[in-house]
Amino acid sequence: MSNCNCCCSQDNKYFDKLEAILKNYAGNEADLIPILQDIQAAYGYLPKDVLNKMCEKTGMYPTEVMGVATFYSQFRLVPTGEHVIKVCFGTACHVNGSEKVADALADELKVKIGETTEDGKFTLETVACLGCCSLAPVMMIDEETHGRLTPDSARNIIRDYYATGRA
Amino acid sequence: MENQYKVVVGLGSCGIAAGGLKVMEAIKTKLATMPVQVKLDETGCMGMCYKEVLVEIINPDGKNYIYGNVTPDKVDQIFESHIGQGKPVTDLIVKGQDLATTEDSFFAKQQRIVLRRCGKINPESIEEAMAMDAYKAIEKALKTMTPEQVIEEMLASGLRGRGGAGFPTGMKWKFAAASKGPKKYIICNADEGDPGAFMDRSVLEGDPHALLEGMMIGGYAIGADEAYIYARAEYPIAIKRLKIAIKAAEEKGLLGKNILGTGFNFKIKIKEGAGAFVCGEETALISSIEGKRGMPRIRPPFPAQSGLFRKPTNINNVETYANVAYIILNGAESYNKYGTEKSKGTKVFALAGKIARGGLVEVPMGVPLKDIIYEIGGGTSSGKPFKAVQMGGPSGGCIPANLLDTIIDYDSLNKTGAIMGSGGMIVMDEDNCMVDIARYFLSFTQSESCGKCTFCKIGTNRMLEILTRLTQGEGREGDIERLEELSDQIKRNALCGLGQTAPNPVLTTLKYFRHEYEAHIKDKKCPAKQCRPLIKYHILEDKCIGCTACSRVCPVKAISGEPKKVHSIDSSICSKCGACKEKCRFGAIEID
């Protein structure tokens, strides 16, 4: 219970989601990445206490789990803001000015890349490539893709989130 | 069913990103108000990404028309006229039967083998794929060919791996087939990690059955009964459609036990990657499927002898497998009639960057680069002079304008210092700084280096430091030589392809654009006027009318001036974001 940082104040409920995930796997080494992906989908990131519990249940070593969790860029060890912005830094976006877009967003949100806004609404990240190169420069906010951006239009999209109460 | 209109909306990732789902909704709403019966369907990438959203209308007599740049507010007009009155809206059509459009040259030089069904079928319908020959090749292989004959056919076809290195596919299969053992694996590398490449994604989204069938034929040839598709987690639509395709194939008895009554068993699983470029390297990919950090192993043993779970394994990428069924069904000659002596068949390219008509193109090997860039791609999007095309992503290089006669062929491209690569083709115009491009790729490889080999881990870091300081105006005498020395060391001493090829973007830009490096170091100038610390914005007095637009948009309040009077930029405050230049309608802002 000591490490539980959720709102339920009940140890067993906090770990329910983990238990449900582990039921789908035999707990082999080869299952580690899919298990981590499921944990992240359920908790939004990889909480340390959940990982510890997972090791207890499966017999995997925490060092091994952390080795994998820190190797792959998909995994997060800290929670994100309400919305995650991923500015594409693929080559097509780069040659079309994605850095300026990212700078404008960082300025608008008053964060650096990788950080979350003070109000907890947005996390600003970059991504290697979203594969919609013909719409470059591109960013994704949660599941929605915004293409053919300019620094100005990117700022407006954020302002629109606040103006329409989505953030 | 035949005597009605059919409407197909392109819903690949690009189409969706461009607003395809909203167009789909608008069409549904519109059709509900019309008295005619229309079959509404979706498809994957049609190739003309630059014209997304694309909507195809097929008349009851079979004539088909593709509308481009469709937005929800154009739906009413298109449907009233085309379906309501039988009059296609020719202004909005980008490709149509019996109708010449300015876009026809986009398709004229293309030859579609890998993309034979992309953009033509609903990727979520196995029936539509089967109506266009899907799973006929595996039936032919299982019922009329021995595994040896399949491999012979693949060798005769001349198909080489489309992931980049170009190893003959038939040879790879022969080695895996020769390995003894009851358990073998087939793996598809669908971890398309090159930034700026989306060929594999388009195949997965547009025709997942082409991949599944190719893998099955590979499994039959080498004696494997189990397969994995290692797919990028950033491709959620591709993964969803693959899952649907696998399930549909299982329900039809095309996957599973005793396939088509021949005793052949084959199952395919999907493994979602977790984001690591190095997993495009086959031994790193295997480690990742095994649940470990994706770090390459020393070869030999090659995966053909000891791969996944130490069993003989054959790995090819998506495009390679997508060729296989065509070859087996139509024979090696119908494939190797395309191409050059040592590079047979076709190659898919993702044409992007500063190109007028970006999209997914498939051309026969042997086509000159300039045909792809000018005839298919329509030249630069900015109208400014073409400077270079980057091929092969972080492992490849930049090919300059004077080498555009180079043909698409593994060996010809290697001679330029670039590589065929998986098919990313990024076009750059004179505004792109080549030192910055080199820095961009090194920052990518440096952060994606797995950390196993010192030369790659530390060497790429040192190269990135030098390139970064060049773009910041802090270049030193001897930096070019240091870059060359590091490049040589890393190429010779890194274990895997990531490290061995990481210096290529630097080496090719040094080879063709050395003067740009020198200008950064000696003159502290960026000839492309892109590297911010080396440039200065200023306002042209004779052009500024004092509209104040620039000063209002400046995020750091560096621009001052009264309305209707010439403004000025305080370069000690200016962050060089370029917002003012973009905003100015009078061309009054210039970069030095």
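Labels below follow one simple rule: chain letters A, B, ... track the order of the sequence lines, proteins then strands, and each chain is numbered from 1.
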In terms of heavy-atom pairs under 4.5 Å with chain B, which of [options] leads?
options                      : answer
A:G67, A:P151, A:C88         : A:G67
A:I33, A:T145, A:V95, A:N96  : A:V95
A:H146, A:Q40, A:E143, A:H94 : A:H94
A:E108, A:E144, A:E99, A:E64 : A:E99
A:L32, A:T70, A:V68          : A:V68
A:G90, A:C93, A:A69          : A:G90

Contact class of [X] relative to chain A, heavy atoms under 4.5 angstrom:
X      : result
B:R293 : both
B:F444 : side chain
B:A350 : neither
B:E192 : neither
B:D431 : neither
B:E272 : both
B:C14  : both
B:S202 : neither
B:F277 : neither
B:C433 : neither
B:I289 : backbone
B:V556 : neither

Check the pair A:Y43 / A:Y14 against ring-ring contact (aromatic ring centres under 6.0 Å, His included), numbers first and verdict last. CA-CA 10 Å; A:Y43 292 86; A:Y14 178 62; 5.6 Å; yes

Any donor-acceptor pair under 3.5 Å linking the side-chain atoms of B:N432 with those of B:Y440?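 No - no donor-acceptor pair under 3.5 Å links their side chains.
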
Quiz question: by atom type and distance under 3.5 Å, do the side chains of A:D152 and A:T150 form a donor-acceptor pair? no

Inspect the contact between [Y] and [X] and indicate whether a charged nitrogen and a carboxylate oxygen are less than 4.0 angstrom apart.
X      : Y      : value
B:R232 : B:D200 : no
B:K384 : B:E430 : no
A:D103 : B:R532 : yes
B:R201 : B:E234 : no

May I ask you to check whether over 12 heavy atoms, not counting those of A:K110, lie within 6.0 Å of atom NZ? yes

A quick test of your reading: do over 12 heavy atoms of other residues, nucleotides or ligands sit less than 6.0 Å from NZ of A:K86? no

Might you work through the side chain to side chain donor-acceptor pair (under 3.5 Å) test for B:D429 and B:T380, ending with a clear yes or no? CA-CA 7 Å; B:D429 68 11; B:T380 59; 5.5 Å; no

Identify which part of [X] has an atom lying under 4.5 Å from any heavy atom of chain B, answering side chain, backbone, both or neither.
X      : answer
A:Q37  : side chain
A:L36  : neither
A:A128 : both

B:K22 side chain near B:T71 side chain, heavy-atom distance below 4.5 Å: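 They are not in contact (no side-chain heavy atoms under 4.5 Å apart), so the answer is no.
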
Taking the side chain as every heavy atom from C-beta outward, state whether B:K354 and B:S381 have any atom pair closer than 4.5 Å. yes

Checking A:R166 against A:Y161: charged group under 6.0 Å from the ring centre and within 45 degrees of the axis?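 Ring-cation test returns yes.
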
